[in-house]
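Down below is the structure, laid out as structure tokens.
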Amino acid sequence: MELTFLGKKVNTDGEPINVGNTLPDFKVLNSNNEIETNKDVLGKVTVISSVPDITSDVCSLETKKFNRKADDFSNVNFLTISKNTVDEQKDWCAAKGVKNIELLSDKDLSFGKATHTYVPDIDALARMIFVLDKDGKVVYRQVIPEIGTLPDFNEVVKSIEKLSNNVDD
């Protein structure tokens with residue numbers, strides 16, 4: 001998929017997963033350096049935000065906004081996945097006071113390659129948002145065409161509200 005990064009054309013390594021697809025198999029690392037897989041997101045509505053670099057200004061702002069939104073949706077998992085190392089993510093969370101969402105390291109690109117969010121031209125993940133139902137099916141996808149810009153948070157929230165209102169806890 002063609003995107004831009006700071007105005008330059010770049011491509012993902014394939015067509016990213018889309019609405020109706022089931023989240024493919026992947027392995028990432030959590031803040032305890034433990035492996036988490038696609039199976040770990042089942043059973044709860046989940047928002048996955050893939051970002052290029054958690055330490056960049058745009059990625060930082062996006063993740064902090066989703067951290068605040070997580071307060072409003074206790075029945076929803078919020079995950080941010082980047083290629084940053086676990087230590088970089090932990091340091092960022094500590095510095096920014098982020099505690100409501102889980103950051104996951106895709107330093108081995110398992111998630112990026114499985115979901116086709118990997119952008120070889122910049123060796124990072126594209127900025128995309130996926131909302132999954134409790135069975136791991138993609139019910140909303142937002143592709144941010146210019147990787148260096150923020151997503152449309154209102155649209156993401158609308159999709160979460162629609163889905164989480166239909167979930168029995």
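In this text the structure is predicted, and so the values were computed from the model without any measurement.
Atoms CG and CD, from D106 and Q89 in turn, are 9.5 Å apart once rounded to the nearest 0.5 Å. Distance CD/E36 to CG/L79: 7.5 Å, rounded to 0.5 Å. Distance check: I160 CD1 to T46 OG1 gives 10.5 Å after rounding to the nearest 0.5 Å. A distance of 7.0 Å separates CH2 in W92 from OG1 in T80, rounded to the nearest 0.5 Å. For the atom pair K64 NZ and K69 NZ, the distance stands at 15.5 Å (nearest 0.5 Å). Between E34 atom CD and D40 atom CG the span is 10.0 Å, to the nearest 0.5 Å.
Both L6 and Y118 are part of a single hydrophobic cluster, where members link through side-chain heavy atoms under 4.5 Å apart. In this structure, V143 is a member of the same hydrophobic cluster as I122, with clusters built from ILVMFWY side-chain heavy atoms closer than 4.5 Å. I144 and I101 fall within the same hydrophobic cluster, where Ile, Leu, Val, Met, Phe, Trp and Tyr residues are linked whenever their side-chain heavy atoms come under 4.5 Å apart, directly or through other members. By the rule that hydrophobic residues join a cluster once side-chain heavy atoms approach within less than 4.5 Å of another member, F78 and V58 end up as members of one cluster. In the hydrophobic clustering of this structure, F26 does not group with V86; members are Ile, Leu, Val, Met, Phe, Trp, Tyr whose side-chain heavy atoms approach within less than 4.5 Å, directly or through other members.
Within the structure, side chain to side chain donor-acceptor pair (under 3.5 Å) pairs that include any residue of residues 142-152 comprise T4-E146, Y140-Q142 (at least two apart or interchain).
Between L150 and L61, the closest side-chain pair of non-hydrogen atoms falls below 4.5 Å. At a threshold of 4.5 Å between non-hydrogen side-chain atoms, the residues S31 and E102 do not count as touching. T115 places none of its side-chain heavy atoms less than 4.5 Å from the side chain of S50. Side chains of I81 and V51 form no contact here, defined as non-hydrogen atoms less than 4.5 Å apart.
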Exercise for the section: Would you please test D133 and V45 for side-chain contact (heavy atoms from CB on, under 4.5 Å) and show each step? Expected result: CA-CA 5 Å; D133 68 13; V45 171; 5.6 Å; no
Problem - Stepwise side-chain hydrogen bond (donor to acceptor under 3.5 Å, both in side chains) check, T85 with D87 - result: CA-CA 5 Å; T85 66; D87 286 339; 5.5 Å; no
Problem - Chi angles and distances behind the side-chain contact (heavy atoms from CB on, under 4.5 Å) call for D53, E88 - result: CA-CA 10 Å; D53 180 357; E88 288 171 329; 5.9 Å; no
Exercise for the section: Dump the intermediate steps for side-chain contact (heavy atoms from CB on, under 4.5 Å) on L42 and K134, then the final yes or no. Expected result: CA-CA 5 Å; L42 300 177; K134 63 182 181 174; over 6 Å; no
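Remark: D121 does not engage K9 in a salt bridge, criterion side-chain N to carboxylate O under 4.0 Å. In summary, E155 and R141 do not engage in a salt bridge, as defined by a charged side-chain N under 4.0 Å from a carboxylate O. A salt bridge links D123 with K83; the closest basic N to acidic carboxylate O contact falls under 4.0 Å. Electrostatic pairing of R127 and E62 counts as a salt bridge here, judged by a charged N lying under 4.0 Å from a carboxylate O.
Tested against L132, the residues V76, I17, V138 include a single side chain to side chain contact (heavy atoms under 4.5 Å, CB included) partner, V138. Of the residues listed (V19, L163, I48, V157), the one engaging V131 in a side chain to side chain contact (heavy atoms under 4.5 Å, CB included) is L163, and it is the only one.
Centroid-to-centroid, the aromatic rings of F153 and F66 come within less than 6.0 Å.
When all heavy atoms are compared, the tightest approach of P24 to A114 is CG-O, 3.3 Å. Here the closest non-hydrogen pair linking S49 and I129 is OG-CD1, 3.6 Å.
With hydrogens and angles disregarded, a donor-acceptor distance shorter than 3.5 Å links the side chain of S159 to the backbone of V156. Checking side-chain atoms of D108 against main-chain N and O of S110 turns up no donor-acceptor pair under 3.5 Å. At least one donor-acceptor pair under 3.5 Å links the side chain of N30 to the backbone N or O of N32. A donor-acceptor pair under 3.5 Å is formed between the side chain of T12 and the backbone N or O of M1. Using modelled atom types, one side-chain atom of N100 and one backbone atom of N67 make a donor-acceptor pair closer than 3.5 Å. Distance alone, capped at 3.5 Å, is enough to place a donor-acceptor pair between the N84 side chain and the I54 backbone. Counting only distance, with no hydrogens or angles, the side chain of S105 and the backbone of L29 share no donor-acceptor pair below 3.5 Å.
The aromatic rings of F111 and F130 sit perpendicular to each other, their planes meeting at more than 60°, with 30° as the lower class boundary.
Enclosure of atom CG in D57 is not indicated, since only 12 or fewer non-hydrogen atoms of other residues, nucleotides or ligands lie within 6.0 angstrom.
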